[in-house]
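Structure record follows, encoded as structure tokens.
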Amino acid sequence: MMVLLLMSIMVVLLLLNFPMLIPMIVAPLAVLVVYFPNINPLLATQQIIAGVQPFVLLAVPMFIFAADIMCAGQTARRLLDFVETFVGHIHGGMSITTAATCTLFGAISGSTQATVVAIGKPMRNRLLAIGYEDEDTIGLIISSAIIALLIPPSISMIMYCVVTGASVGDLFIAGVIPGLLILAFFAVYNYFHAKRKNIPRTVKLTWSERVSAIKDAAAPLGFPVIIFAGIYSGFFSPTEAAAVSVLYATILELFVFRTIKPKDFPQIALSTAVVTSAVFVLVAAGSLFSWAISYAKIPQIITATLLGPTPSALKILTMVTIFYFVGCMFVDSIVVIIILTPIFYPLALKAGIHPIHLGIIVTLQAAIGSISPPFGCNIFTACAIFDRPYLKVVKGIPPYMIMLIIISVLVITFPQLSLMLVP
Amino acid sequence: MNKLFNKTLSKFEEIILSYSVILMAVVLIGSVISRSLFNRSWTFAEEVGQSLVIIVTFMGIGYAAKKAKHISMSAIFDLVKDKYKKMFIYVISSVTSISMFYLTYLGFQYVQKVQQLGRVTPALRIPMYLIITVVPIGFLLGGIEYARTFIINIKEKEIYLSSEKILGQDHEEISFSEPDDIEHSHENETGKGV
Amino acid sequence: VGCGPKPTAVENPGGQENGADTKPQETYTWRFAHEEIDGSVQDLYVKKFKEIIEKKSDGRINIEIYPVGQIGDATQQCELLQNGGIEFGIVSPGNTGTIVPENQLFSLHFLFTDDMDKNAEIFKTSKALNEMLSNKYLEKNIKVLAYWTEGAMQWTSGKPVNTPAQWKGFKMRTMPSPMIVAAYEAYGANPTPVPYMEVYSGLQLNMIEGQENPLFAIEEMKFYEVQKNLTLANSNLYVTTTAVNPDFFNSLPKDIQDMILETVDEIRDYSFEIQADLNGKALDKIKEKSEISIVELTAEEREAFREASKTAYDKYVKMVGPHSKEILDTLIAEVKAIESK
Ligand code: NA
Ligand code: NA
């Protein structure tokens with residue numbers, strides 16, 4: 001009954017075009033008020049605030065801010081010109097580059113949302129200018145961004161290890177092959193897709209032309225170098241890297257290219273703030289939603305009925321896949337890992353599943369969940385930063401979702417894909 | 001008078017939102033520089049960053065509503081005829097407004113509780129209730145904004161998605177309301193003054 | 001929508017102040033939240049509590065456990081307890097110095113003895129803790145039923161840190177609490193707050209050079225994978241408390257209240273056993289799984305740290321207020337008395 005009440009309020013209000021934060025808040029509040037009269041509803045405020053407390057969330061507005069500055073000035077254009085001189089003549093060259101850049105960026109950021117904003121904003125404009133369709137472009141960007149969870153460092157993986165006691169180092173390494181596998185699938189798909197759609201290509205440039213493009217991009221190219229070098233030398237954390245990229249973009253645009261003036265900054269910051277707010281109120285609401293679910297012990301109730309006393313390994317893995325996938329559709333992956341892992345982990349161990357293998361499956365589902373409607377966090381991040389309606393954003397996802405489901409099946413069936421690199 | 005109030009409120013929201021983001025960047029960058037170059041960590045960087053995120057998130061509710069930036073699933077809404085759209089908007093704006101006023105009430109109760117219990121931030125020992133007061137204020141501004149949307153839809157024939165955005169109008173970039181607007185607000189509106 | 005301003009903590013109706021009127025068949029369901037994973041110190045403690053009290057009450061009392069911060073992190077759990085969202089909680093001072101500032105004395109180094117049996121006696125008998133500090137908790141709507149420890153704090157680091165001189169400018173990860181920061185500043189370190197989930201990669205990438213935690217946490221978080229030295233410093237105890245919402249507690253009939261107090265008393269010793277057992281096993285696991293060099297402080301080294309740590313004591317009194325001096329002095333006197341037994 002409780003589940004029915006929760007879901008029906010959610011679905012009805014969502015379909016009626018309510019701002020998403022309302023169903024996300026009203027549905028769990030209704031459950032608390034009806035079923036737990038001992039809880040003072042003022043505590044809902046505590047959970048709503050708790051949702052935006054994690055320090056890592058700061059990376060999101062900082063990357064939006066940096067991307068806004070770079071797009072307002074010349075940094076983004078010069079970087080992309082540079083890339084295009086090398087890959088522009090290949091079918092799908094620029095879209096494959098987008099996927100690869102997301103993967104590379106994922107290696108510094110544990111957050112799929114940060115990847116969407118940092119890479120998506122400049123890349124989308126360029127892809128549209130070349131002649132890619134908007135839905136395809138957004139689908140590509142938000143799907144490639146999920147690789148950030150599988151390529152270390154990854155907060156989701158650390159969370160899994162904390163809850164289960166698995167080795168963080170091992171899980172980090174184990175994620176690399178599945179992560180690259182996703183990239184490979186996306187790259188091949190984009191090659192054929194661009195060929196079929198006849199996306200215009202540039203003529204292959206000579207090396208002297210490329211050298212001049214390198215010169216143009218020299219200063220902006222310092223950007224990725226500084227970010228990577230800074231993180232891997234321990235100068236700053238991935239979250240702080242986001243702020244450092246704001247500093248670098250500011251220096252370039254303000255003093256080197258002189259394309260924007262100090263008085264432009266409050267303006268850019270304002271649009272950053274509005275996008276951040278639109279995304280973070282949903283993160284906040286999601287936190288209340290998941291709290292109500294945990295408080296009511298709903299996952300325990302459902303798994304107990306579905307699994308039975310001694311489930312087989314295959315049944316467990318199937319259930320894990322479905323539960324994490326569905327869970328991540330509604331709330332942030334980290335929350336899902338905290339709630340569900342303690343339920344499944346002991347069963348999985350008993351059935352002989354390797355903890356690292358399970359960790360990869362969990363991370364992969366968490367990643368996929370971030371692009372699955374209704375509450376894929378990448379979807380509403382994209383809605384906010386690209387200012388596109390929900391349906392337009394969702395429209396480009398299906399081909400990627402199909403590939404990811406195939407990859408899930410591969411990862412479940414072949415544990416070696418996860419365990420190969422683990423010492 | 002009403003218009004002057006709205007413009008002033010917008011300006012106020014804009015300044016808070018914009019400078020909070022700038023301050024976030026300054027604190028994080030300052031913390032990196034202080035730790036890396038002077039080997040002195042800013043123990044307050046984390047809580048200042050978190051507080052600013054809270055401020056931006058909640059103070060943005062009303063402003064994002066005004067600019068029709070809140071995310072929703074518009075699939076069915078986009079399909080229905082205009083006269084039904086108007087009905088959708090009535091239901092959405094009124095229920096959303098009431099929900100937000102209720103959340104304002106819960107928020108103020110929570111703030112009072114936190115004030116009584118006296119929690120402070122870890123490093124700077126700032127009373128927590130001061131920071132989280134932005135939560136009910138944010139919901140209040142959101143509630144007011146959706147109430148305005150409801151009212152303007154009753155008064156006008158067009159379908160207003162928000163008090164500032166009419167369905168079918170091209171979206172405009174978010175920008176600071178010019179100080180001039182406050183004085184000449186009547187001329188700048190689309191001629192459908194409230 | 002029912003939203004009375006005052007929360008009622010008992011789920012089942014009844015539970016009047018007047019014990020005589022209570023029907024014998026009345027049953028209770030209470031929520032008990034803690035921050036740690038399955039099989040950890042807090043988890044074993046809470047499970048034991050559940051086992052004993054459910055048995056004692058012949059099944060009239062039913063405890064629902066919420067582990068791993070499933071319903072919020074430490075601060076949120078504490079607030080839930082204050083507001084009656086949960087009845088019981090394991091509330092750790094390290095995380096709640098923002099609510100009960102006096103409890104930050106547990107962050108001071110070398111406050112207790114090096115002998116766990118004596119420490120157990122101190123926790124049990126101390127007036128400074130069980131009366132003076134508990135009253136401060138009560139002012140914030142938290143009733144402490146027992147103070148106990150999850151083990152002593154140990155240091156992991158890249159370079160050796162067994163003398164205070166080696167700490168100069170050392171980037172030590174701490175929680176953002178000003179007392180913990182002061183404790184390490186006393187050694188000349190550069191305390192650097194980093195969120196718990198980012199500590200592993202922070203150590204791996206050298207953004208921070210070391211961290212402090214009990215052995216079970218060091219093993220759980222795999223910090224030994226990315227650190228060269230483990231210094232068994234026993235610098236301070238990771239203290240925690242078993243706490244209950246006072247309004248809820250006072251609303252219970254006398255016999256049920258007694259049952260709770262009795263149960264807490266019975267598992268007091270058990271809490272010391274689990275920490276010894278789990279921390280011992282964690283050390284074995286760390287030895288088995290890594291090449292980390294394990295250093296014990298010599299008596300002189302300990303004395304040097306003890307001496308250096310004194311400036312933090314003054315800071316505690318200065319920061320929390322003059323009344324905290326009384327608590328601290330009383331506790332120090334009690335420790336001395338028991339230590340010299
Ligand atoms: Na990553
Ligand atoms: Na999600």
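Lettering follows sequence order; numbering is per chain, from 1.
When heavy atoms are compared at a cutoff of 4.5 Å, A:Ile64 does not approach chain B at all. Of the two parts of A:Phe236, the backbone and the side chain both hold a non-hydrogen atom closer than 4.5 Å to a non-hydrogen atom of chain B. For B:Phe139, the part lying near chain A is the side chain, with the backbone staying farther off; criterion is any non-hydrogen pair under 4.5 Å. Both the backbone and the side chain of A:Leu15 have a heavy atom closer than 4.5 Å to some heavy atom of chain B. Looking at B:Val135, only its side chain comes within 4.5 Å of chain A, counting heavy atoms on both sides. With a threshold of 4.5 angstrom between heavy atoms, B:Thr96 approaches chain A through its backbone and through its side chain. With a 4.5 Å cut-off on non-hydrogen atoms, A:Ile25 touches chain B through its side chain but not through its backbone. Heavy atoms closer than 4.5 Å to chain A are found in both the backbone and the side chain of B:Val91. Heavy atoms of A:Val52 lying under 4.5 Å from chain B belong to its backbone as well as its side chain.
Using modelled atom types, one finds no donor on one side chain facing an acceptor on the other under 3.5 Å when comparing B:Ser93 with B:Asn153.
Looking at B:Phe77 and B:Leu161, their side chains come closer than 4.5 Å, going by heavy atoms from C-beta outward. At least one side-chain heavy atom of A:Phe265 sits less than 4.5 Å from a side-chain heavy atom of A:Ile260.
Among B:Met59, B:His70, B:Met100, B:Gln50, the residue making the largest number of heavy-atom pairs under 4.5 Å with chain A is B:Gln50. The choice from B:Ala25, B:Gly138, B:Ala64 that makes the most heavy-atom pairs within less than 4.5 Å of chain A is B:Ala25. For the options B:Pro136, B:Ser18, B:Gly60, heavy-atom pairs under 4.5 Å to chain A are most numerous at B:Ser18. Highest contact tally toward chain B, considering only A:Ile22, A:Val393, A:Val394, A:Ile48, is held by A:Ile22 [criterion: heavy-atom pairs under 4.5 Å]. With chain B as the partner, the residue from A:Ile379, A:Thr276, A:Ile49 showing the most heavy-atom pairs under 4.5 Å is A:Ile49. Ranked by heavy-atom pairs under 4.5 Å with chain A, the first of B:Ile61, B:Ile92, B:Leu28, B:Val21 is B:Ile92.
The salt bridge (charged side-chain N to carboxylate O under 4.0 Å, His left out) check on B:Glu13 picks up B:Lys66, with sequence neighbours excluded.
Under the 4.0 Å criterion applied to side-chain N and carboxylate O atoms, B:Asp82 and B:Lys85 are assigned as salt-bridge partners. Using a 4.0 Å cut-off between charged side-chain N and carboxylate O, A:Lys392 and A:Asp134 make no salt bridge.
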Chi angles and distances behind the side chain to side chain contact (heavy atoms under 4.5 Å, CB included) call for B:Ser163, B:Glu145
CA-CA 7 Å; B:Ser163 66; B:Glu145 197 42 51; 2.5 Å; yes
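Applying the side-chain hydrogen bond (donor to acceptor under 3.5 Å, both in side chains) test to every pair with at least one member in residues 373-383 of chain A, sequence neighbours left out, gives these pairs: A:Thr112-A:Asn378, A:Gln113-A:Thr381.
Across all non-hydrogen atoms, the minimal contact from A:Pro41 to B:Leu106 is O-CD1, 3.6 Å.
Note that CG of B:Leu4 is 11.0 Å distant from CG of B:Leu9, once rounded to the nearest 0.5 Å.
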